[in-house]
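In what follows, a single structure is set out as structure tokens and then discussed.
Naming convention: chains lettered A, B, ... in sequence-line order (proteins, then strands); numbering from 1 in each chain.
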Number of protein chains: 4
Amino acid sequence: MAHNNDRTSARRAQILTAAAAVFARHGYHGARMDDIVKESGLSKGALYWYFKGKEELATALVHHMLTAETQTLDRLLAQDAPAAERLEQLVRGFARELDDNPHRAPLAQELLALAQTIPDIRSCYSAHHDRYHEQLRTLLLQMNSTQSPAGGAPDHRIDDAALALLCVVDGMVLRWTLSTPTSRFDLEDRLWAAVSGIVRGMDAPA
Amino acid sequence: MAHNNDRTSARRAQILTAAAAVFARHGYHGARMDDIVKESGLSKGALYWYFKGKEELATALVHHMLTAETQTLDRLLAQDAPAAERLEQLVRGFARELDDNPHRAPLAQELLALAQTIPDIRSCYSAHHDRYHEQLRTLLLQMNSTQSPAGGAPDHRIDDAALALLCVVDGMVLRWTLSTPTSRFDLEDRLWAAVSGIVRGMDAPA
Amino acid sequence: MAHNNDRTSARRAQILTAAAAVFARHGYHGARMDDIVKESGLSKGALYWYFKGKEELATALVHHMLTAETQTLDRLLAQDAPAAERLEQLVRGFARELDDNPHRAPLAQELLALAQTIPDIRSCYSAHHDRYHEQLRTLLLQMNSTQSPAGGAPDHRIDDAALALLCVVDGMVLRWTLSTPTSRFDLEDRLWAAVSGIVRGMDAPA
Amino acid sequence: MAHNNDRTSARRAQILTAAAAVFARHGYHGARMDDIVKESGLSKGALYWYFKGKEELATALVHHMLTAETQTLDRLLAQDAPAAERLEQLVRGFARELDDNPHRAPLAQELLALAQTIPDIRSCYSAHHDRYHEQLRTLLLQMNSTQSPAGGAPDHRIDDAALALLCVVDGMVLRWTLSTPTSRFDLEDRLWAAVSGIVRGMDAPA
DNA sequence: AATGAATGAGCATTCATTCAT
DNA sequence: GATGAATGAATGCTCATTCAT
């Protein structure tokens, strides 16, 4: 019977959504379980019926977000548009989503910070980084072979570029999140500019 | 009386060192004031005599670290070695220092995370980002004009590259900090590879 | 319909057995209803269908154990063996049963402790004490008249001896239960030695 | 400086007294730390400054009570009154004290029950039992040699009697504590009667 | 009869901060 | 300046019990 599972995952989602909201508002440490309970509309007992505790809440949230990200990239890799186009789509889509959901970025930073302290979360991120790196390398390889049938950039260049891409994204989101109203920049433009630069550098002569 | 001030700054330094150690070990939230007291070898009353509270401890620590970073870069800008060389020196020096001080990176991440929550710390980072961006832009301009007297890359390219450089550094340190013994990479090599890529991309044709 | 009652008492017995096991393992306060549910193999709803709550579980258990004890003594009193022999049988049988069932003694102590707190249980024990005292006095009277047709010990001596017997049993079980592997003594031997001493003292001249 | 220690032990005593009162009233499990705090007149922080937690409170209390008991017996053994007289003094004094302090007995039972659950407390009681048994054996030996210079009862009889004495005391206090107003008996008389019986039985012929 | 999801009052403990000495 | 005992609000979590199904 899927009934039971449906109910269960509905409840878990309900709670996770509430937790995400409260974590985004007050940070993980500033969030009280009571706040999440209130936000979820359930009772404290229900929350603890579905999740073992505060840490599991955070871990589940991380898992959820990273899984979604991986799937997005998977979908992109499976498309048959030119690789360069797909990369741009990825980057701009990513930036736009953050831009449109003001809570996403602070929440993500908050959860990321927990990786320092909570081993399960650390593992999630580690695994995700590796997986994402691999996916990106694949995309860059496709770009490279398409662009210049002759071969283009050597493999190590591609590898480095993939890593740089990953890092520049993380770093820029962080900077953007921390920017003040005064110093705030346009995430999409600047991120794409940075990515373009790295891609150009991939093929350029030393 | 300078005596007084000496004593005072010695005590403050002593406490900050202790706080840095404990924050690195347990994270900001996991650190108890008692731990810091014990680590510092002073008494609880003394700690509160020199610092208003836990937040001020963190803020002072951030201030200290960011100031040091700015000064390093300032010193570099004032040298008369070729700009490209100075950039490499900066990046490699930065990487090596992290590599040699295992606590530095986790501590930095922890403090960075506080920027989300503690306004004073957020301001510190915002200001530092802007300043650092400016300094880096200056360095890249020097490289550009040196390399190709004709002019080389247009200004907006340089600006983008400076930002990308900043972000790629932050992002890579983060990734490196989170990497497992298995997936750990060589920070200096990879960071320099990324930086090189971005610099190459700065001048490369679209 | 006896069907109904059979099912009912079967279920109740099933639950009580589970409760006894869990109380013996974790103590009354350390036992969670969930543990008892799991141990019983039934559902939480079922448990609460047959018992009003945790206290009733304990009360029923006490009732059950004390009733069994009374019946044992009743059976013994009805036998036609010499009184002295029956007393020895009683004491040794009692000791052996505890020796053979490692959980019995801690469970009994735990339930006894509840008498301080739970009025219903206190009443059970009070009543049982009186009843048991009476039964034991009867047995001692039989011994006395058998042994020395002339009359032997005066009544008040018999009464005191009966009480002493009761107390020495309780006290020794307690001590035995609390004894460490190192200091553990042979319950049957020592208990019988104590009982013999008291019986001897009953007839002995001041 | 004894100042510090004085203050410390005063506070600890203050807290322990409060804990004893509350434990006697509500039992260990029924007692809330807040109650003890209120009763002590201190603050919650102070309580936790002097005691690690609820368990340590109980353990310290047990320690305190058992130490006092041992000392009483030690004092008795050191006196030069006839042994028989000292035994009577011990038993009657013990009974009277319980009779005069209505809280003592329930508190003692409550703490004793914790021995089943809390290892530290169990150890306290185990050690105390052994020590007390030894002290009592010594006293009985003195009685025996005094009474009949020829030698009197054999050693194993004395050992058994000592154990029986210990047990009968524990058991009778328990029964007395559990007795209802209706069935309540005079502790001093009955206890002394039981003890006398055991002592008589010690020397009596089989 | 039976299930198990849901409830929520209750509670021990922590820890940043203060202040009398 | 320095000490460390004292404060008490804050909080994550438990678990006996209920009740819709």
What is the distance from [atom1] of [X] to [atom2] of [N], rounded to the nearest Å?
X	N	atom1	atom2	answer
A:H26	F:dG12	NE2	C1'	16 Å
B:F51	F:dA2	CZ	C1'	16 Å
C:K38	E:dT3	NZ	P	15 Å
A:L47	F:dT11	CG	C1'	14 Å
D:I36	E:dC11	CD1	P	12 Å
D:N5	F:dG4	CG	P	14 Å

Problem set entry | Proximity to DNA chain E (any heavy atom under 4.0 Å), residues of residues 11-25 of chain A only | A:R11
Exercise. Can you list, by residue number, the residues of residues 115-124 of chain C that have a non-hydrogen atom closer than 4.0 angstrom to DNA chain E?
Worked result: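 None, since no heavy atom is under 4.0 Å.
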Under the side-chain contact (heavy atoms from CB on, under 4.5 Å) test, which residues partner [X], sequence neighbours left out?
X	result
D:T67	D:H63, D:Q71
B:Y50	B:T8, B:R11, B:R12, B:I15
A:H64	none
A:A108	A:M65

Quick check for you: to the nearest 0.5 Å, what is the distance between [X] atom [atom1] and [Y] atom [atom2]?
X	Y	atom1	atom2	result
A:L16	A:S40	CG	OG	11.0 Å
B:L57	B:M33	CG	CE	5.5 Å
D:I118	D:C124	CD1	SG	10.5 Å
B:L47	B:K54	CG	NZ	11.5 Å

Seminar exercise, completed: Hits for side-chain hydrogen bond (donor to acceptor under 3.5 Å, both in side chains) against A:D34, two or more places apart or cross-chain, chain-then-number order -> A:K44
Exercise. Just checking C:Y50: base, sugar-phosphate only, or nothing, at a heavy-atom cut-off of under 4.0 Å?
Worked result: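 The answer is sugar-phosphate, as C:Y50 gets under 4.0 Å only of primed atoms, P, OP1 or OP2.
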Exercise. If you look only at pairs with a residue in residues 14-26 of chain B, which of them pass as a salt bridge (charged side-chain N to carboxylate O under 4.0 Å, His left out), with sequence neighbours excluded?
Worked result: B:R25-B:E39
For this session: Scan residues 105-116 of chain A for pairs that pass salt bridge (charged side-chain N to carboxylate O under 4.0 Å, His left out), counting only residues two or more places apart or in two chains.
Result: none
Exercise. Under the salt bridge (Lys or Arg N to Asp or Glu O under 4.0 Å) test, which residues partner B:R104, sequence neighbours left out?
Worked result: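 Testing B:R104 for salt bridge (Lys or Arg N to Asp or Glu O under 4.0 Å), a comparison that skips the adjacent residues, returns B:E97.
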For this session: Assess whether atom NE2 of D:H26 is packed by more than 12 heavy atoms of other residues, nucleotides or ligands within 6.0 Å.
Result: yes
Seminar exercise, completed: One should report the stems of DNA chain E, each a stretch of at least three consecutive Watson-Crick or G-U pairs at distances under 3.5 Å, as E:2-21 with F:2-21
Seminar exercise, completed: Contact string for nucleotides 15-21 of chain E, one letter per nucleotide 5' to 3', B = base within protein heavy-atom range under 4.0 Å, S = sugar-phosphate only, - = neither, reads SSBB---
